[in-house]
Amino acid sequence: MTIIGLGVPSVQRPGGGVAGIPTDGPLVDTYGRVATDLRVSLTDRCNLRCTYCMPAEGLDWLPGEQLLRPDELTRLLRIAVTRLGITSVRFTGGEPLVAKHLEDVIAATAALRPRPEITLTTNGIGLDKRAAKLKRAGLDRINVSLDTVDAARFAHITRRDRLHDVLAGLEAAKAAGLSPVKVNAVLDPVTGLDDAVALLRFCLENGYQLRIIEQMPLDAGHVWKRGQAIAADDVLAVLRRHFDLRPDPAPRGSAPAELWEVHGGPGAAGLDVAAGAAPPAKVGIIASVSHAFCSTCDRTRLTADGQIRNCLFARHETDLRHLIRTGADDDALAAAWRASMWVKAAGHGINDPDFVQPDRPMSAIGG
């Protein structure tokens, strides 16, 4: 895949390279993209064992002393928001609900000025008991991972019989006002197309927004194969056999999901939206592999052990934890963060013949 093919300008900014790194303003790279969306992993631990993420026996978790302490994390969040132009913070894992300091970190983030949008991606286990607390702490909205609404398939994919817990978590999130409640689905290669239809019906009936995500090469076993994963075009084709889908007229911007309005099907709005009526429901498809959207990427990532990653598929990291623990001031931390983002590649390279999967799996990077 060429740079032009990704939609990224092939000519870099004047003054590119190390010497041209900006010393103030937003987080920019040499292709002119601006990072305003920070993904923060709070832990690499998870209470599920999804087949596309980790082995049945789990992984060796990071030792506690290697994880950012809450005060270190909140310091980096302050720098990101007040110095680097971050306007949206999403907390992830592993599974962020297993992080005991989650509510405290959310509250500290909500106290920042200018206040960023605060979101959370979770597998939903335990959410029924914490949704209201998370809302009070300052959480704005939530994404819950759910790959199927069939209990047997759920148990097969996650290696845990916990579908009822996830459904309870979704209900609690909706009741707490964490809207719009979004459902993230990575489809199983065998049953996924059937699951996609059932998931959309479920989301329409319950007022959730479905996002179907192409499976990416981020599994711990490095066994991902392009020909086995379900492609976005196949998902769209099967959904269109059951629902009347029309392209969302709103500009997509930097959003990873291509949105479609659902004008027909159980729980959807009517074919025509009358004046003053509720707008049609929407479904999103995130085609990270088959239709790369790297040219509009606005994300920067902070791992649970304090590493900056300028791309989900980056092969290199910038160690902010070491800088903090060796006495670096805020200026030095901000400069290191800027330097990391400045050299961001044009694209993730999944479709290049020389692509190499990152050493870390998704659970250790953060979604």
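This structure is a prediction, so every number in the text was calculated from the model and none was measured.
Under a hydrophobic-cluster definition in which Ile, Leu, Val, Met, Phe, Trp and Tyr are linked whenever side-chain heavy atoms come within less than 4.5 Å, directly or via other members, Phe91 and Val98 are assigned to different clusters. Under a hydrophobic-cluster definition in which Ile, Leu, Val, Met, Phe, Trp and Tyr are linked whenever side-chain heavy atoms come within less than 4.5 Å, directly or via other members, Leu67 and Ile308 are assigned to different clusters. Phe355 and Tyr52 end up in the same hydrophobic cluster when Ile, Leu, Val, Met, Phe, Trp and Tyr side chains are linked at under 4.5 Å. Residue Leu302 is grouped with residue Leu77 when hydrophobic side chains (ILVMFWY) are merged at heavy-atom distances under 4.5 angstrom, including chains of intermediate members. Follow the hydrophobic side-chain contacts under 4.5 Å out from Met54 and you never reach Leu62; the two are in separate clusters.
For the residue pair Glu171 and Tyr208, the shortest heavy atom distance occurs at N-OH, 3.5 Å. Taking every heavy atom of both residues into account, Pro358 and Phe313 meet most closely at CG-CA, 3.6 Å. Between Gly94 and Ser41, the shortest heavy-atom distance links the atoms N-OG, 4.4 Å. The shortest non-hydrogen separation linking Met341 to Ala35 is CE-CB, 3.9 Å. Minimum interatomic distance between Pro116 and Ile86 (heavy atoms only, all atoms of both residues): CB-O, 4.5 Å. Heavy-atom minimum distance, Ala173 versus Ile142: CB-CG2, 3.9 Å.
Remark: the backbone N or O of Arg69 is paired with a side-chain donor or acceptor of Glu72 at under 3.5 angstrom. In terms of modelled atom types and a separation under 3.5 Å, the side chain of Asp128 and the main chain of Ala168 share no donor-acceptor contact. Panel note: side chain Gln209, backbone Pro180; no donor-acceptor pair is recorded below 3.5 Å. Remark: the backbone N or O of Cys46 is paired with a side-chain donor or acceptor of Arg49 at under 3.5 angstrom. Side-chain atoms of Thr74 come within 3.5 Å of backbone atoms of Asp71 as a donor-acceptor pair (strictly under, hydrogens ignored). At least one donor-acceptor pair under 3.5 Å links the side chain of Asp147 to the backbone N or O of Val186. Here the side chain of Arg309 pairs a donor or acceptor atom with the backbone of Ala314 at under 3.5 angstrom. Within the 3.5 Å criterion, the main-chain N or O of Gly25 finds a donor-acceptor partner in the side chain of Arg338. When atom types are taken as modelled, the side chain of Asp188 and the backbone of Val190 share a donor-acceptor pair closer than 3.5 angstrom. Side chain of Arg33 to backbone of Ala346: a donor-acceptor contact under 3.5 angstrom is found.
The structure places CD of Gln215 at 7.0 Å from OG1 of Thr51, a figure rounded to the nearest 0.5 Å. Distance NZ/Lys344 to CZ/Arg299: 7.0 Å, rounded to 0.5 Å. Taking CZ from Arg240 and CZ from Arg246, the interatomic distance works out to 11.0 Å, rounded to the nearest 0.5 Å. Of the inter-residue distances, the one linking Leu312 atom CG with Arg301 atom CZ reads 4.5 Å to the nearest 0.5 angstrom. Atom CG of Leu120 sits about 8.5 Å away from atom CG of Asn143, to the nearest 0.5 Å. For the atom pair CH2 of Trp260 and CG of Leu236, the computed distance is 5.0 Å after rounding to the nearest 0.5 Å.
None of Leu27, Leu333, Leu38, Leu76 except one satisfies the side-chain contact (heavy atoms from CB on, under 4.5 Å) rule with Leu84; the exception is Leu27.
Sparse packing is recorded around CG of Asp60, with 12 or fewer heavy atoms of other residues, nucleotides or ligands lying under 6.0 Å away. Atom NE2 of His316 sits in a sparse spot, with 12 or fewer heavy atoms from other residues, nucleotides or ligands closer than 6.0 Å. Atom NE2 of His164 is surrounded by more than 12 heavy atoms from other residues, nucleotides or ligands within 6.0 Å.
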Criterion salt bridge (Lys or Arg N to Asp or Glu O under 4.0 Å) on Arg130 and Glu103, from CA distance to verdict: CA-CA 9 Å; Arg130 296 176 69 178; Glu103 284 87 353; 2.8 Å; yes
field: Candidate pair Arg75 and Asp330, rule salt bridge (Lys or Arg N to Asp or Glu O under 4.0 Å), full reasoning
entry: CA-CA 9 Å; Arg75 180 183 176 190; Asp330 287 359; 2.9 Å; yes
Steps toward salt bridge (Lys or Arg N to Asp or Glu O under 4.0 Å) verdict (Asp319, Arg325): CA-CA 10 Å; Asp319 191 349; Arg325 294 181 181 178; over 6 Å; no
message: Show, in sequence, the C-alpha distance, side-chain angles and deciding distance for Arg90 and Thr121, and conclude whether the side-chain contact (heavy atoms from CB on, under 4.5 Å) test is met.
response: CA-CA 7 Å; Arg90 177 180 295 277; Thr121 295; 2.9 Å; yes
- prompt: Can you list the steps and then say if Leu239 with Leu200 is a side-chain contact (heavy atoms from CB on, under 4.5 Å)?
  reply: CA-CA 8 Å; Leu239 290 181; Leu200 183 50; 4.1 Å; yes
message: Between Arg315 and Asp359, does the salt bridge (Lys or Arg N to Asp or Glu O under 4.0 Å) criterion hold? Intermediate values first, please.
response: CA-CA 8 Å; Arg315 299 287 300 169; Asp359 293 330; 3.7 Å; yes
message: What verdict does the side-chain contact (heavy atoms from CB on, under 4.5 Å) test give for Leu97 and Leu134, after you've listed the backbone C-alpha separation in whole Å, the side-chain angles of each residue and the deciding distance to 0.1 Å?
response: CA-CA 10 Å; Leu97 289 183; Leu134 292 168; 4.1 Å; yes
query: Could you walk me through whether Thr122 and Glu95 pass the side-chain hydrogen bond (donor to acceptor under 3.5 Å, both in side chains) check?
result: CA-CA 6 Å; Thr122 172; Glu95 172 45 49; 2.8 Å; yes
task: Kindly indicate, with the supporting measurements, whether the criterion side-chain contact (heavy atoms from CB on, under 4.5 Å) is fulfilled by Phe202 and Leu170.
output: CA-CA 12 Å; Phe202 166 77; Leu170 280 165; 4.0 Å; yes
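Asn123 places none of its side-chain heavy atoms less than 4.5 Å from the side chain of Val166. Within the 4.5 Å cutoff, the side chain of Phe243 has no heavy atoms near those of the Glu261 side chain. Annotation: side chain of His348 is not in contact with side chain of Met216 (no heavy-atom distance under 4.5 Å). Leu259 has its side chain within reach of Arg211: a pair of non-hydrogen atoms, C-beta onward, lies under 4.5 Å apart. Taking 4.5 Å as the limit, some side-chain heavy atom of Asn351 sits within range of a side-chain heavy atom of Val289. Residues Leu199 and Val149 are in side-chain contact: their nearest non-hydrogen atoms beyond the backbone lie under 4.5 Å apart. Leu163 has its side chain out of reach of Arg153: every pair of non-hydrogen atoms, C-beta onward, lies at least 4.5 Å apart. The closest side-chain heavy-atom distance from Arg321 to Leu68 is below 4.5 Å.
If you check the side chains of Glu317 and Thr303, you find no donor sitting under 3.5 Å from an acceptor. At a cut-off of 3.5 Å, with distance as the only test, no side-chain donor of Glu117 or Thr87 sits close to an acceptor on the other residue. Residues Thr148 and Asp150 have side chains that never bring a donor and an acceptor to within less than 3.5 angstrom of each other.
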